[in-house]
Amino acid sequence: MNYWLIKSEPDAFSIDDLQHAPGKKTHWDGVRNYQARNYMRDSMSVGDPVFFYHSNCATPGIVGIAEVASCAYIDHTAFDPNDHHFDAGSDPAKPRWQMVDIRFKRKTRRFISLSELREHAHQLDGFALIRRGNRLSVMPVSKQHWDFILALEQNKT
DNA sequence: GCCAACGTTGGC
DNA sequence: GCCAACGTTGGC
């Protein structure tokens, strides 16, 4: 089992949107980065736990926990010229992009901001999220870091 | 809105 | 294969 963090802009798709989606599930479409795709395609398994992170907003941070609900399959939105994530270079005969399904598990009992995570840079050493210039939208979280953040969640109210 | 960091593209 | 230019991400 692997642990993950996925970023979403709350204006586009928030943890509330996921919670209220049919079956509390959604297609994680629109990933157009090879490293992120490879993580989904090669290393994600059904049932893997996922931190749900709000990015590009007033206060970015972890807001909930989800799980991987499918293995990777073709992201058909890459073929739709009207889709925001359309990729003219992706040939339907040789699809370039994939996605997984994500299912809501719970909101974290409190918001864990990026700045708070940075305060624990020592314990979270190597965590991609707090590395400088990080832009990955799908990233692995080590078991140690996962457990540390879950413990952090219980720290305050 | 600014801008640093990054990934991708394309000329050579 | 190199690398400058460009577009995007995302924190602040």
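First the proteins, then the strands, lettered A, B, ... as listed; each starts at 1. Computed from a prediction, not measured in an experiment: that's the story for all the values here.
- For the ring pair (Phe, Tyr, Trp, His ring centres under 6.0 Å) test, residues two or more places apart in sequence or in another chain that qualify with A:Y34 are A:W97.
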Tell me which donor-acceptor pairs under 3.5 Å the side chains of residues 136-151 of chain A have, and how far apart each pair is, sequence neighbours excluded?
from   : atom 1 : to     : atom 2 : distance (Å)
A:S142 : OG     : A:H145 : N      : 3.0
A:S142 : OG     : A:H145 : ND1    : 3.3
A:K143 : NZ     : A:D147 : OD1    : 3.2
A:K143 : NZ     : A:D147 : OD2    : 2.7
A:H145 : NE2    : A:Q123 : O      : 3.4
A:H145 : NE2    : A:D125 : O      : 3.2

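- Taking the six-membered ring wherever Trp is involved, the centroid distance between the rings of A:Y39 and A:W4 falls below 6.0 Å.
- Looking at which nucleotide of DNA chain B each of A:G133 and A:R96 is closest to, the 5′-most match is held by A:G133.
- Nearest heavy-atom pair, A:V31 versus A:D75, reported as atom, atom and distance to 0.1 Å: N-OD2, 4.2 Å.
- A:R41 and A:N38 share a side-chain donor-acceptor pair at under 3.5 Å.
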| Base, backbone or nothing for each nucleotide of nucleotides 6-12 of chain C, written B, S, -, heavy atoms under 4.0 angstrom, 5' to 3'? | -BBBBBS
